[in-house]
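Written below as structure tokens is the structure these notes are about.
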Amino acid sequence: MEVNLLKVLRLGGVNPTTSRFLDLLDFPEIERIDYVLNESEEHYFKELKEVASFFGIENLLKKVSVSTLALGPFSKLIRKGNRIVNSSRLNKLIYSRLREFNHNDYDFIWVGDNDFDGSNYLFAAARDYFGDSVMVRSYKETRFSKKWEELYTLTNADRLIFPSREYQRFFEDLYGIKVTGFDVADLDWRYSRTAQWVRNQRVEKLSSKDAVPHVCILTGRALCDPSEQRSGFRYYFVPIIEELVKRGIHVHLHAMRIVESVSEVRNPYKEISERTGLLSIEGPLRLSGGSQDYEILKRYDAGILHPPVPDEKDELKRFQEINVPNRIFEYQMADVLPISEKNSTPAVEKIISETGFGILFESYDELSGILHEFASSKMTNEFDVTKQKTFRDFSEVLISSVS
């Protein structure tokens, strides 16, 4: 059967797990993807190349090109002001290099991923430069705070892709608009071959040796206080760690970095570790196809997602309710039970309920009982592989969205 080949221009930020794009490149419909991204992110594609080499599929890389939008100090200053003032003229000036790309060379333009990475500004500029080209906007992270460029994107995209259906009401409540023409798929779904490779590894749990529950935290940042404005409480793990260690649960913190307190010189994670001996401050894990670090992750019984957000932090709490952190997918495919407090993260609760893999708890005593029972009984709890979505599923949604 003849396949309609697609040439794609991809604009906007990418995260370090670029290997997930291998699923999209594997589709026969995809002839070429030209990635245009921030200059600080180009190095992320090293991971894509390494994973392609590990699985012996380097031929797929022939479909990829990567270029950057280098913004000088003047452009960055303009963009800072442009966050406040809606100026199409300024926005086109900032991203004037887009005119180098002939939109007639592409079947559609795909813009992603977040509200903070400039991709909404990119979308607005691209719509001006590329006129009536088909433009798809995929979303991951945002906040319950009005932004002119986000509203522009939502109302000018030919198709939207949200991580969950709850984003529809989130944006409708925020902007007072009717959001239509969207599909549901998560940009953080992992590369299908890596997921299968991880599942096939057999690793003994630490709890099978000492009958003590071992819980991990995968995170980019661990904050020493919750005062940081954008995400504060979501990365302040001190209270939940205190609750676990005092119940005899061993916690392993794998953070890319621990962010010092802005108000005082102290590291509460180090203090807990030295005081209890039940918090191990580990090195960051490099979770990628072929990485031995998955063997470390698979040793743990369960994994913490995000702590609850106080009701008074409305902007953050509204986002937390719809957000699905990428670590839940790492936990599940590594047979590590994701942990979430009931009624704090509805989108996460839905995934745990639908897959039947994870722990939803109402009190720390209840959570402790579940974890200790799991550790003492030496139960095996393997994730049902048929219930995990991968980036192949996202790719199908993306390709069908432009039909």
Side-chain angles (χ1 to χ4, degrees), residues 8-25 33-49 51 64-72 75-76 78-80 82-83 91 94-98 101 106 108-127 129-130 135-143 145 147-154 156-157 159-163 167 171 185-191 219-221 230-231 234-235 256-257 287-288 319 322-327 329 391 394-395 397-398:
V8 186
L9 179 63
R10 171 55 157 78
L11 305 177
V14 296
N15 66 43
T17 56
T18 52
S19 59
R20 68 195 195 281
F21 294 133
L22 291 168
D23 268 329
L24 178 58
L25 295 169
I33 305 180
D34 294 343
Y35 289 89
V36 182
L37 49 131
N38 300 325
E39 56 186 332
S40 62
E41 297 179 317
E42 187 174 12
H43 68 283
Y44 289 153
F45 279 84
K46 178 182 177 183
E47 195 255 358
L48 178 137
K49 295 175 182 177
V51 175
V64 177
S65 75
V66 179
S67 57
T68 60
L69 285 172
L71 299 181
S75 295
K76 292 177 182 178
I78 294 176
R79 194 173 81 175
K80 185 175 181 180
N82 204 22
R83 291 174 182 168
N91 205 48
I94 294 169
Y95 294 106
S96 59
R97 197 186 154 211
L98 286 176
F101 298 89
Y106 303 99
F108 70 96
I109 298 165
W110 169 28
V111 185
D113 293 339
N114 307 294
D115 71 326
F116 61 81
D117 57 16
S119 51
N120 281 320
Y121 296 106
L122 261 174
F123 180 96
R127 179 55 84 192
Y129 278 119
F130 303 147
M135 295 184 63
V136 178
R137 170 62 157 128
S138 57
Y139 239 109
K140 184 59 185 183
E141 186 166 330
T142 185
R143 289 293 183 273
S145 176
K147 297 170 280 287
W148 74 261
E149 71 282 1
E150 183 171 72
L151 175 59
Y152 180 92
T153 299
L154 293 169
N156 284 275
R159 200 71 181 170
L160 297 160
I161 301 178
F162 296 147
Y167 273 64
F171 285 128
D186 198 314
L187 284 158
D188 276 334
W189 286 338
R190 290 350 216 178
Y191 177 40
T219 184
R221 298 175 298 152
R230 179 175 173 85
S231 299
R234 300 185 77 232
Y235 294 98
M256 299 297 291
R257 62 190 180 103
L287 299 177
S288 181
F319 170 66
I322 65 170
N323 176 248
V324 178
N326 60 55
R327 71 200 68 175
F329 305 121
F391 206 79
F394 180 92
S395 303
V397 171
L398 176 65

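Only this structure's heavy atoms are used, side chains among them; waters, hydrogens and symmetry mates stay out.
- Side-chain contact between Met135 and Arg127 is present, with at least one heavy-atom pair separated by less than 4.5 Å.
- For the pair Val64/Phe21, no side-chain contact is recorded, criterion being any heavy-atom separation below 4.5 Å from C-beta on.
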Show, in sequence, the C-alpha distance, side-chain angles and deciding distance for Phe329 and Phe391, and conclude whether the side chain to side chain contact (heavy atoms under 4.5 Å, CB included) test is met. CA-CA 11 Å; Phe329 305 121; Phe391 206 79; over 6 Å; no

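- Qualifying ring-ring contact (aromatic ring centres under 6.0 Å, His included) partners for Tyr167, counting only residues two or more places apart in sequence or in other chains: Phe162.
- Legend: residues meeting salt bridge (Lys or Arg N to Asp or Glu O under 4.0 Å) with Asp34, ordered by chain and number and at least two apart, are Arg32.
- Put simply, the side chain of Leu69 does not reach to within 4.5 Å of the side chain of Leu37, judged on heavy atoms.
- Residues passing the ring-ring contact (aromatic ring centres under 6.0 Å, His included) test with Tyr235, sequence neighbours excluded: His306.
- In this structure, CG in Leu187 is found 4.0 Å from OG in Ser138, a value given to the nearest 0.5 Å.
- Residue Asn156 holds its CG atom at 13.0 Å from CD of Glu149, rounded to the nearest 0.5 Å.
- Not counting sequence neighbours, the partners of Ala185 by the side chain to side chain contact (heavy atoms under 4.5 Å, CB included) test are Ile161, Trp189, Phe394, Val397.
- Closest approach of Phe101 to Ser67, counting heavy atoms only: CZ-OG, 3.7 Å.
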Working for side chain to side chain contact (heavy atoms under 4.5 Å, CB included), residues Trp110 and Leu398: CA-CA 9 Å; Trp110 169 28; Leu398 176 65; 3.7 Å; yes

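- Two residues are said to be in side-chain contact when any heavy atoms from C-beta on lie closer than 4.5 Å; Leu11 and Leu98 meet this criterion.
- Across all their heavy atoms, Tyr106 and Leu9 have their closest contact at CD2-N, 3.6 Å.
- Within the model, atoms OH of Tyr191 and CG of Asp23 stand 6.0 Å from one another, a figure rounded to the nearest 0.5 Å.
- In terms of the side chain to side chain donor-acceptor pair (under 3.5 Å) criterion, Thr219 has no residue partners (sequence neighbours excluded).
- What you find for Gly112 and Ser119 is that their closest heavy atoms are O-CB, 3.2 Å.
- By the salt bridge (Lys or Arg N to Asp or Glu O under 4.0 Å) test, Asp186 is found to be paired with Lys140, residues two or more places apart in sequence or in another chain being considered.
- Residues Ser231 and Arg221 form a side-chain contact, since some pair of their non-hydrogen atoms from C-beta on lies under 4.5 Å apart.
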Please determine whether side chain to side chain donor-acceptor pair (under 3.5 Å) holds for the pair Thr17 and Asn15, giving the CA-CA distance in whole Å, both sets of side-chain angles, and the decisive distance to 0.1 Å. CA-CA 6 Å; Thr17 56; Asn15 66 43; 2.6 Å; yes

Mind running side chain to side chain contact (heavy atoms under 4.5 Å, CB included) on Leu160 and Phe171 for me, showing each step along the way? CA-CA 12 Å; Leu160 297 160; Phe171 285 128; over 6 Å; no

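- In this view, Ile33 and Val8, Arg10, Leu24, Leu25, Ile30, Tyr35 satisfy the side chain to side chain contact (heavy atoms under 4.5 Å, CB included) rule, not counting sequence neighbours.
- For Arg20, the salt bridge (Lys or Arg N to Asp or Glu O under 4.0 Å) partners are Asp113, not counting sequence neighbours.
- Listed by chain and residue number, Asp115, Glu141 satisfy the salt bridge (Lys or Arg N to Asp or Glu O under 4.0 Å) test with Arg230 (two or more places apart in sequence, or in another chain).
- With 3.5 Å as the limit, one finds a donor-acceptor pair spanning the side chains of Glu150 and Thr142.
- For the pair Val324 and Pro163, the minimum side-chain heavy-atom distance is 4.5 Å or more.
- Annotation for Ser288 and Glu47: closest pair OG-OE2, 2.7 Å, computed over non-hydrogen atoms.
- Take Ser96 and apply the side chain to side chain contact (heavy atoms under 4.5 Å, CB included) test, not counting sequence neighbours, and it matches Arg99, Tyr129.
- Gly118 and Tyr95 get closest at one heavy-atom pair: O-OH, 3.7 Å.
- Partners of Asn120 according to the side chain to side chain donor-acceptor pair (under 3.5 Å) rule, which considers only residues two or more places apart in sequence or in another chain, are Arg137, Tyr139, Thr153.
- Between the side chain of Asn323 and the backbone N or O of Phe319 there is no donor-acceptor pair closer than 3.5 Å.
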